[in-house]
Protein chains: 2
Amino acid sequence: MILRVDPSAATPPYAQIQAQVATMVRSGVLPPGTRLPTIRHLANDLGIAANTVARAYRELELEGLVATRGRHGTFVLAPAPATVEVAGPALADAATAYAMEAAHRGLDLDQALDAVRSAFRALDEPRRLA
Amino acid sequence: MILRVDPSAATPPYAQIQAQVATMVRSGVLPPGTRLPTIRHLANDLGIAANTVARAYRELELEGLVATRGRHGTFVLAPAPATVEVAGPALADAATAYAMEAAHRGLDLDQALDAVRSAFRALDEPRRLA
DNA sequence: TCCTTTGTCTCAACACATCAATACAATGAG
DNA sequence: CTCATTGTATTGATGTGTTGAGACAAAGGA
């Protein structure tokens, strides 16, 4: 479990943990059944409050990526095959926000799609991390 | 100048004004050369503080959509033809944020693009307003 | 049974963005 | 020259989200 948290980043620490774990689960780095570190342990490693890690785990549970099994800890689940429908309203909101931002700057659909393609490419590039 | 501001909305009032004026400028409802209402006048109409309108105008000026001509007021400029390059880092950031959100939920590029297409369609639909 | 270890909950402090009010500077009409 | 009208700058209040610390409940092993 190599995680990094930058307290001065724009995205809050709990969201950074959430995103990194989610990526590792989806990419298979953390296979289903893996036991995540306890919130206190991880909090200690990262030098943050336990509550912050707890929140990240809570959000991950809402996403259906992990399950907390009481006394035994928190475990990785098999991620459901993703579809636009299942990704839910949160993804739709993100898409709408992006569409508004793009339209607002005068871009048409094709230009907006190109920007997303570029962003995706840039996203895949530095995945040497994790 | 028919503008609406919902103080309880998620997007802050200054951003609502900014977005609505930007849309009207880009769509030609407000042709170049049009004089915008003074910040005090518009603030009065909307029942908000002058400073809030001032901020919206300031952001619009940064976008290059309007120009303030000192004593004479604030005027609509001819919007530059939009390109992805010119839309600048703000658009790139929005695209990256969206790409991360989508990847984070396990969507691939095509699914993410579909969601944007849907959002764009939904955006064009209720443009009976403005 | 007792105690350790797990996640959960609650509450206060803090940081940050936004808004409102007010004072200010510029500038052109009269 | 005077002054009304324009946008600008500063300051304080407010609300929201995030963090941190600690108390709490559950549950299995010794």
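Letters A, B, ... mirror the listed sequences (proteins, then strands); counts begin at 1.
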Taking the side chain of B/Arg71 as heavy atoms from C-beta outward, which of D/dA21, C/dT27, C/dT18 is closest to it?
C/dT27
Against B/Val21, only a single residue in B/Thr74, B/Val29, B/Leu3, B/Leu65 fulfils side chain to side chain contact (heavy atoms under 4.5 Å, CB included); can you say which?
B/Leu3
Taking only N and O in the side chain of A/Tyr57, is any of them less than 4.0 Å away from OP1 or OP2 of C/dG7?
no
Whole Å only: how far is the CG atom of A/Leu62 from the C1' atom of C/dG7?
14 Å
When you match A/Tyr14 and A/His72 each to their closest nucleotide on DNA chain D, which lands nearer the 5' end?
A/Tyr14
Calculate the interatomic distance between B/Ile48 atom CD1 and D/dT14 atom C1'; express it in whole Å.
17 Å
Distance test, side-chain N/O of A/Thr52 to OP1/OP2 of D/dG20, below 4.0 Å
yes
Which comes earlier along DNA chain C counting from the 5' end, the contact point of A/Gly73 or that of B/Arg69, where each point is its nearest nucleotide?
A/Gly73
Between D/dG20, C/dT8, D/dT6, which nucleotide has the shortest distance from any of its atoms to the side chain of B/Arg40?
D/dT6
Please report the C-alpha distance between A/Phe120 and B/Asp108 in whole Å, then the side-chain angles of each, then the deciding distance to 0.1 Å, and finally whether the side-chain contact (heavy atoms from CB on, under 4.5 Å) criterion is met.
CA-CA 9 Å; A/Phe120 250 82; B/Asp108 61 24; 5.8 Å; no
Any side-chain N or O of B/Thr38 below 4.0 angstrom from OP1/OP2 of D/dT5?
no
The side chain of B/Asn51 lies closest to which of these nucleotides: C/dA21, C/dT18, D/dG20?
C/dA21
Donor-acceptor under 3.5 Å (A/Thr52 side chain, A/Ile48 main chain):
no
D/dT18, C/dT8, C/dG28: which one has an atom nearest the side-chain heavy atoms of A/Pro12?
D/dT18
At 4.0 Å (heavy atoms only), tell me whether A/Arg55 reaches a base, stays on the sugar-phosphate, or touches nothing.
sugar-phosphate
Nucleotide of C/dC9, C/dT18, D/dG7 approaching B/Thr68 most closely (side-chain heavy atoms):
D/dG7
Atom CZ of residue position B/Arg117 - does it have more than 12 heavy atoms of other residues, nucleotides or ligands inside 6.0 Å?
yes
